[in-house]
**Q** 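One structure coming up, written as structure tokens, with questions to follow.
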Amino acid sequence: MSKRAAVLCGAAVVMAGSLAAVPAEAGTPRAAEPFHAVKPAWKKCGTDDYPTLQCASVKVPLDHSGSTGRRTITLALSRVPHTAKKYQGPLLVNPGGPGGSGLTLAGFVASALPKKVAAQYDVIGFDPRGVGASEPALDCAPGHFGAVRPDSVPTSPEVEQANLRRVRAFAEACGRKYGHLLPHLNTDAAARDIDVIRRALGAKKINYFGYSYGTYLGAVYAKLFPERVRRLVLDSVIDPTQVWYDANLNQNHAFNDRHRAFMAWVARHDRTYGLGTDPEKVEATWYAMRAALKKHPAGGKVGAAELEDTYIPGGYYNGYWPYLAEAFSAYVNHEDAEPLIEAYENFGTNDATGDNGYSVYTAVQCRDASWPRDWRQWRKDHWAAYARSPFLTWNNAWYNAPCAFWPTESVRPERVRNSELPPALLFQATQDAATPYQGGVTVHRLLSRSRLVVESGGGNHGITLSGNACLDRHLTAYLTDGTVPRGRRGEADAVCAALPDPKPLTSKATPRSARGSTLHGLLGFRS
């Protein structure tokens with residue numbers, strides 16, 4: 001999952017209780033005649049943070065099979081051009097989602113890598129089909145996450161039906177607005193778009209660096225076009241054998257573990273937050289806060305569901321913990337809701353960009369793989385998960401529930417097993433909640449020549465270029481000359497220690513734009 005991103009809808013909405021659609025064959029057949037890719041016309045679009053950034057666009061076919069004609073859509077590109085004599089080709093970067101914009105990520109990656117390394121690549125960002133500055137961009141139901149939503153936990157039939165009306169309406173809105181696009185929004189199509197970008201850039205091969213969902217997109221591209229991959233970096237790896245229903249169920253348990261780790265951190269810093277030294281009692285206090293907000297939303301904005309939205313980012317990046325703990329403490333100990341409202345506005349709200357991201361997230365995930373169409377199956381599975389992991393389970397269920405009513409049928413996920421690639425480099429944290437550790441292990445096995453670098457004890461999501469020098473040394477060596485770790489250590493080829501947990505803030509003036517939080521802001525949440 002990633003700052004909530006979405007998957008689009010089609011023409012007719014399937015009602016709860018109906019049978020699952022029969023999956024279509026995996027992927028889309030390759031067009032008989034390759035699409036003519038036009039060289040991008042780059043223009044300056046630098047910012048204060050990334051002054052050398054350039055922007056362009058490229059046309060790609062809406063339907064790569066050609067079976068519905070040659071209608072095109074437009075993808076937005078960004079570039080930080082190489083400056084060194086030694087040129088290693090384009091390095092395409094993707095922040096995940098699905099639904100995440102990659103335009104700014106190009107600037108971040110180029111500035112975060114050692115200058116000598118970045119100078120050897122054209123670092124290329126792109127907005128995948130439907131996303132951001134690409135055209136058309138999706139926004140199925142503006143304000144879908146507007147406050148105050150029904151409680152996420154369906155403790156009564158009335159609450160369950162209120163949530164079902166919301167998700168069903170979202171799917172219907174997607175179908176009405178974008179029914180002609182929805183059959184063409186999936187990972188396979190996005191991977192084929194990457195190859196059009198490659199040809200437009202005039203490159204025989206590409207280098208690729210993807211985070212989160214971007215790891216699945218990269219693995220699918222590598223499966224479709226193994227001969228076009230020069231180097232492949234996958235950070236915080238999606239398990240391709242679980243897309244997408246099972247992956248979300250597993251996330252619930254991993255996020256619950258991270259939330260409890262946050263509660264334990266708050267307990268260790270009782271001197272600062274005054275919430276007690278027993279993690280279980282601190283957790284009980286958090287759920288008591290949730291119950292109070294369910295009855296009386298803070299500022300008319302932060303109810304129970306919005307509280308969950310606010311604290312989910314703490315499962316992605318430990319650097320948010322001090323801000324979240326301050327808000328928790330102020331509400332409980334001083335009856336001061338203002339820090340909580342501020343935290344919600346900083347971490348939990350969706351703007352137009354978030355609405356677009358969620359629309360694409362839903363469209364891609366609902367199309368990518370089969371989902372249960374009988375709501376009784378969702379109810380059974382999620383109550384079982386909730387019994388063990390109450391923090392995220394029902395919030396996550398409603399986030400993905402439009403797929404139960406999606407108007408297009410699903411395709412089969414691509415099988416990414418691959419022995420034709422050069423050595424790929426994988427990075428995985430052992431306590432990652434958004435993409436649990438087993439995903440890295442699974443892809444390590446499926447990509448036979450890959451190498452896995454593990455951050456032991458780490459809970460952050462998106463771990464390279466966020467301050468861990470050990471991880472970055474492996475990344476730098478690989479991008480410099482293809483060097484990968486040699487020694488196998490259990491499931492991993494190399495192990496790095498995690499960064500220490502954050503400390504409480506010393507003042508309100510503590511900057512929030514440290515490298516880690518900058519990266520995690522670009523990655524967003526829900527991947």
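This chain uses plain numbering: 1 for the first residue, then up along the sequence.
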**Q** Measure the spacing between OG1 of Thr72 and NE2 of His36 and express it to the nearest 0.5 Å.
**A**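 Separation between the atoms: 12.5 Å.
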**Q** Donor-acceptor check, side chain of Arg79 to backbone of Val123, threshold 3.5 angstrom: yes or no?
**A**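 No, the answer is negative, given that no donor and acceptor are paired below the 3.5 Å cut-off.
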**Q** Check step by step if side-chain contact (heavy atoms from CB on, under 4.5 Å) holds for Leu421 and Leu447.
**A** CA-CA 8 Å; Leu421 294 174; Leu447 305 187; 4.3 Å; yes
**Q** Please round to the nearest 0.5 Å and tell me the distance separating atom NZ of Lys204 and atom CG of Leu201.
**A**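 Taking NZ in Lys204 and CG in Leu201, the distance rounds to 15.0 Å.
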**Q** If the condition is ring pair (Phe, Tyr, Trp, His ring centres under 6.0 Å), which residues does Phe427 pass it with, not counting sequence neighbours?
**A**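 Here no residue qualifies.
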**Q** Got a donor-acceptor contact below 3.5 angstrom from the Ser134 side chain to the Ala76 backbone?
**A**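 Yes, the answer is positive, given that a donor and an acceptor are paired below the 3.5 Å cut-off.
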**Q** Please examine the side chains of Glu342 and Tyr323, heavy atoms only from C-beta on, and report whether any two atoms are closer than 4.5 Å.
**A**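 No; the side chains remain at least 4.5 Å from each other.
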**Q** Can you see which heavy atom on Cys366 is nearest to which on Pro402, and at what distance?
**A**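 Scanning both residues completely, I find the closest heavy atoms to be SG-C, 4.2 Å.
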**Q** Test your reading of the model: is there a side-chain donor-acceptor pair from Thr435 to the backbone of Asp239, 3.5 Å cut-off?
**A**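 No.
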**Q** Would you call the rings of Tyr216 and Trp244 parallel, tilted or perpendicular, where under 30° means parallel and over 60° means perpendicular?
**A**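 The rings of Tyr216 and Trp244 stand perpendicular, inter-plane angle above 60°.
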**Q** Inspect the contact between Arg192 and Asp195 and indicate whether a charged nitrogen and a carboxylate oxygen are less than 4.0 angstrom apart.
**A**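 No, this pair does not count.
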**Q** For a side-chain contact (heavy atoms from CB on, under 4.5 Å) with Pro128, tell me which candidate from Asn94, Leu75, Thr187 qualifies.
**A**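 Going through Asn94, Leu75, Thr187 one by one, the side-chain contact (heavy atoms from CB on, under 4.5 Å) with Pro128 is satisfied by Asn94 alone.
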**Q** Can a side-chain donor-acceptor contact be found between Thr393 and His382 if the only test is distance below 3.5 angstrom?
**A**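 No pair is found: no donor N or O on one side chain lies under 3.5 Å from an acceptor on the other.
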**Q** With sequence neighbours excluded, tell me which residues meet ring pair (Phe, Tyr, Trp, His ring centres under 6.0 Å) with Phe126.
**A**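 Result, ring pair (Phe, Tyr, Trp, His ring centres under 6.0 Å) vs Phe126: none returned.
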**Q** Evaluate the side-chain proximity of Val38 to Val58: yes if any heavy-atom separation is below 4.5 Å, no if none is.
**A**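 No, their side chains stay 4.5 Å or more apart.
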**Q** By salt bridge (charged side-chain N to carboxylate O under 4.0 Å, His left out), which residues pair with Arg165, not counting sequence neighbours?
**A**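 Here no residue qualifies.
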**Q** Looking at residues at least two apart in the chain, or sitting in another chain, which of them share a salt bridge (charged side-chain N to carboxylate O under 4.0 Å, His left out) with Asp151?
**A**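 Applying salt bridge (charged side-chain N to carboxylate O under 4.0 Å, His left out) to Asp151 gives Arg290, Lys294.
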**Q** For Gln365 and Pro98, indicate whether the former's side chain and the latter's backbone hold a donor-acceptor pair under 3.5 Å.
**A**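 Side chain of Gln365 to backbone of Pro98: no pair is present.
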**Q** Using every non-hydrogen atom in the two residues, find where His253 and Leu249 come nearest and quote the distance to one decimal.
**A**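 The answer is CD2-O, 3.6 Å.
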**Q** Flag the pair Tyr245 / Ser370 as yes when at least one side-chain heavy-atom distance between them is below 4.5 Å, and no otherwise.
**A**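 They are not in contact (no side-chain heavy atoms under 4.5 Å apart), so the answer is no.
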**Q** A side-chain contact here means heavy atoms from C-beta on lying under 4.5 Å apart; do Ile206 and Ile197 qualify?
**A**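 The answer is no, as the side chains (C-beta and beyond) never meet within the 4.5 Å cut-off.
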**Q** Where do Glu420 and Glu227 land on the side-chain contact (heavy atoms from CB on, under 4.5 Å) test, with the steps shown first?
**A** CA-CA 8 Å; Glu420 303 177 53; Glu227 73 284 1; 5.7 Å; no
**Q** Check the orientation of Tyr221 and Phe225. Use parallel for under 30°, tilted for 30 to 60°, and perpendicular for over 60°.
**A**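 Ring orientation, 0 to 90° scale: tilted.
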**Q** Among Phe255, Tyr311, Phe347, find the one that has a ring pair (Phe, Tyr, Trp, His ring centres under 6.0 Å) with Tyr316.
**A**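 Looking at Phe255, Tyr311, Phe347, the match for Tyr316 under the ring pair (Phe, Tyr, Trp, His ring centres under 6.0 Å) is Phe255.
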**Q** Is the backbone N or O of Gly143 less than 3.5 Å from a side-chain atom of Asp355, with the two atoms forming a donor-acceptor pair by type?
**A**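 Side chain of Asp355 to backbone of Gly143: a pair is present.
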**Q** Would you please name every residue forming a ring pair (Phe, Tyr, Trp, His ring centres under 6.0 Å) with His444, sequence neighbours left out?
**A**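 His444: no ring pair (Phe, Tyr, Trp, His ring centres under 6.0 Å) contacts found.
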**Q** Decide yes or no on side-chain contact (heavy atoms from CB on, under 4.5 Å) for Leu425 and Leu479, but give the supporting numbers first.
**A** CA-CA 10 Å; Leu425 190 58; Leu479 292 178; over 6 Å; no
**Q** Decide yes or no for Leu446 and Arg415: does some side-chain heavy atom of the first lie under 4.5 Å from some side-chain heavy atom of the second?
**A**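 They are not in side-chain contact.
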**Q** For the atom pair CG (Asp432) and CZ (Arg258), what is the distance rounded to the nearest 0.5 Å?
**A**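 With rounding to 0.5 Å, CG (Asp432) is 9.0 Å from CZ (Arg258).
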**Q** Using side-chain heavy atoms (C-beta onward) and a distance below 4.5 Å, is Arg149 in contact with Asp309?
**A**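 Contact flag for Arg149/Asp309 side chains = yes.
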**Q** Of all heavy-atom pairs between Glu306 and Lys301, which one has the smallest distance, and what is that distance?
**A**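 Looks like CG-O, 3.3 Å.
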**Q** So, does Gln161 use its side chain to make a donor-acceptor pair with the main chain of Glu158 at under 3.5 Å?
**A**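 Checked: no pair found.
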**Q** Are Asp63 and Arg71 side-chain neighbours, meaning at least one heavy-atom pair lies under 4.5 Å?
**A**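 No. Closest side-chain heavy atoms not under 4.5 Å.
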**Q** Shortest non-hydrogen contact from Asn460 to Ile463?
**A**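 Reported closest heavy-atom pair: O-CG2, 3.4 Å.
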**Q** Working to the nearest 0.5 angstrom, can you tell me the gap between Ser389 OG and His259 NE2?
**A**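 Answer rounded to 0.5 Å: 11.5 Å.
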**Q** So, Asn207 versus Gln88: side-chain donor-acceptor pair below 3.5 Å or not?
**A**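 Side-chain D/A pair, Asn207 to Gln88: absent.
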**Q** Starting at CH2 of Trp378, measure out to CH2 of Trp375 and round the result to the nearest 0.5 Å.
**A**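 Between Trp378 CH2 and Trp375 CH2, I get 6.0 Å after rounding to 0.5 Å.
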**Q** Is any side-chain heavy atom of Tyr320 closer than 4.5 Å to one of Asn346?
**A**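 Counting from C-beta outward, Asn346 and Tyr320 never come under 4.5 Å.
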**Q** For the backbone of Asp122 and the side chain of Tyr87, can you confirm whether one donor and one acceptor N or O come within less than 3.5 Å of each other?
**A**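 Pair absent, no side-chain N/O of Tyr87 close to backbone of Asp122.
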**Q** Given the rule in the side-chain contact (heavy atoms from CB on, under 4.5 Å) test, do Asn356 and Val131 qualify, once you have shown the distances and angles that lead to the verdict?
**A** CA-CA 7 Å; Asn356 165 247; Val131 175; 4.1 Å; yes
**Q** Arg129 side chain to His184 main-chain N or O, any donor-acceptor pair under 3.5 Å?
**A**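 Indeed, once roles are kept as given, a pair shorter than 3.5 Å links the two residues.
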**Q** Would you please name every residue forming a ring pair (Phe, Tyr, Trp, His ring centres under 6.0 Å) with Phe209, sequence neighbours left out?
**A**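 Phe209 satisfies ring pair (Phe, Tyr, Trp, His ring centres under 6.0 Å) with Tyr211 once adjacent residues are dropped.
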**Q** Could you check whether any side-chain N or O of Asn186 sits under 3.5 Å from a backbone N or O of Arg367, counting only pairs where one atom can act as donor and the other as acceptor?
**A**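 No; judged by distance alone, with no hydrogens or angles, the pair does not exist.
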**Q** Measure from the side-chain N and O atoms of Asn252 to the backbone N and O of Ala385, and report whether any donor-acceptor pair falls under 3.5 Å.
**A**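 No, because the side chain of Asn252 does not come within donor-acceptor range (under 3.5 Å) of the backbone of Ala385.
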**Q** Over all heavy atoms of both residues, which pair between Gln54 and Pro81 is shortest? Give the atoms and the distance, please.
**A**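 That would be NE2-CG, 3.7 Å.
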**Q** For residues Val237 and Thr215, report the shortest heavy-atom separation together with the two atoms involved.
**A**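 Minimum heavy-atom separation between Val237 and Thr215: CA-OG1, 3.5 Å.
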**Q** Calculate, to the nearest 0.5 Å, the distance between atoms CG and CG belonging to Leu217 and Leu92 respectively.
**A**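 Leu217 atom CG to Leu92 atom CG measures 9.5 Å (nearest 0.5 Å).
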